[in-house]
Amino acid sequence: MENKLNKIFSNVFNLDENDDKTELKMGDLPNWDSMGHLNLITSLEEELDIFFTNEEIVKINSFEKIHNLLKSK
């Protein structure tokens with residue numbers, strides 16, 4: 001799961017796939033703003049065939065939180 005998540009982060013935020021993203025959180029990247037967050041959520045839902053609730057979308061503001069939530073789904 002972490003590899004897929006890493007790839008999605010790389011695609012959405014134009015990052016090198018080899019970079020460590022485990023410590024990233026919203027605001028660390030210039031393009032991880034509110035619009036970037038929506039792009040990330042949309043990509044995650046489409047690529048992983050899942051759905052996030054509004055409450056989850058607000059809470060998952062870091063790579064780690066997203067990874068932990070995905071493990072529980």
Side-chain angles (χ1 to χ4, degrees):
M1 179 58 68
E2 189 169 331
N3 288 337
K4 280 186 173 185
L5 185 55
N6 185 47
K7 191 171 198 161
I8 293 168
F9 263 76
S10 296
N11 289 337
V12 170
F13 297 120
N14 298 318
L15 302 171
D16 187 316
E17 281 191 43
N18 297 319
D19 289 347
D20 181 25
K21 297 168 193 69
T22 57
E23 299 294 321
L24 281 178
K25 51 189 181 294
M26 191 174 184
D28 286 350
L29 304 169
N31 53 349
W32 193 355
D33 53 10
S34 57
M35 184 58 76
H37 193 64
L38 290 176
N39 290 335
L40 176 61
I41 296 302
T42 302
S43 293
L44 289 166
E45 289 181 334
E46 289 175 358
E47 294 288 325
L48 303 175
D49 195 29
I50 58 172
F51 178 76
F52 294 110
T53 66
N54 290 337
E55 293 81 20
E56 289 171 332
I57 291 171
V58 172
K59 291 179 184 177
I60 53 174
N61 57 4
S62 70
F63 184 96
E64 181 181 11
K65 288 180 181 179
I66 294 169
H67 185 248
N68 290 337
L69 179 60
L70 291 175
K71 287 192 304 190
S72 72
K73 284 193 172 260

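Computed from heavy atoms alone, side chains included, the values below leave out hydrogens, waters and symmetry copies.
Contacts of Glu56 classified as salt bridge (Lys or Arg N to Asp or Glu O under 4.0 Å), with partners at least two apart in sequence or in another chain: Lys73. Every residue two or more places apart in sequence or in another chain was checked for a side chain to side chain donor-acceptor pair (under 3.5 Å) with Lys71, and none qualifies. Under the side chain to side chain donor-acceptor pair (under 3.5 Å) criterion, Asp20 pairs with Thr22, sequence neighbours left out. The side chain to side chain donor-acceptor pair (under 3.5 Å) search around Lys7 returns none, not counting sequence neighbours. For Asp16, the side chain to side chain contact (heavy atoms under 4.5 Å, CB included) partners at least two apart in sequence or on another chain are Asn18, Asp19. Remark: Asn61 engages Lys65 in a side chain to side chain donor-acceptor pair (under 3.5 Å) (not counting sequence neighbours).
Applying the salt bridge (Lys or Arg N to Asp or Glu O under 4.0 Å) test to residues at least two apart or on different chains, none of the pairs has a partner in residues 36-52.
With rounding to the nearest 0.5 Å, the separation of CD in Glu64 from CD in Glu2 is 10.0 Å.
Members clustered with Leu15: Met1, Leu5, Ile8, Phe9, Val12, Phe13, Leu24, Met26, Leu29, Trp32, Leu40, Ile41, Leu44, Leu48, Ile50, Phe52, Ile57, Ile60, Phe63, Ile66, Leu69, Leu70, by chain and number, using a 4.5 Å side-chain heavy-atom cutoff among hydrophobic residues.
Here the side chain of Asn6 pairs a donor or acceptor atom with the backbone of Glu17 at under 3.5 angstrom.
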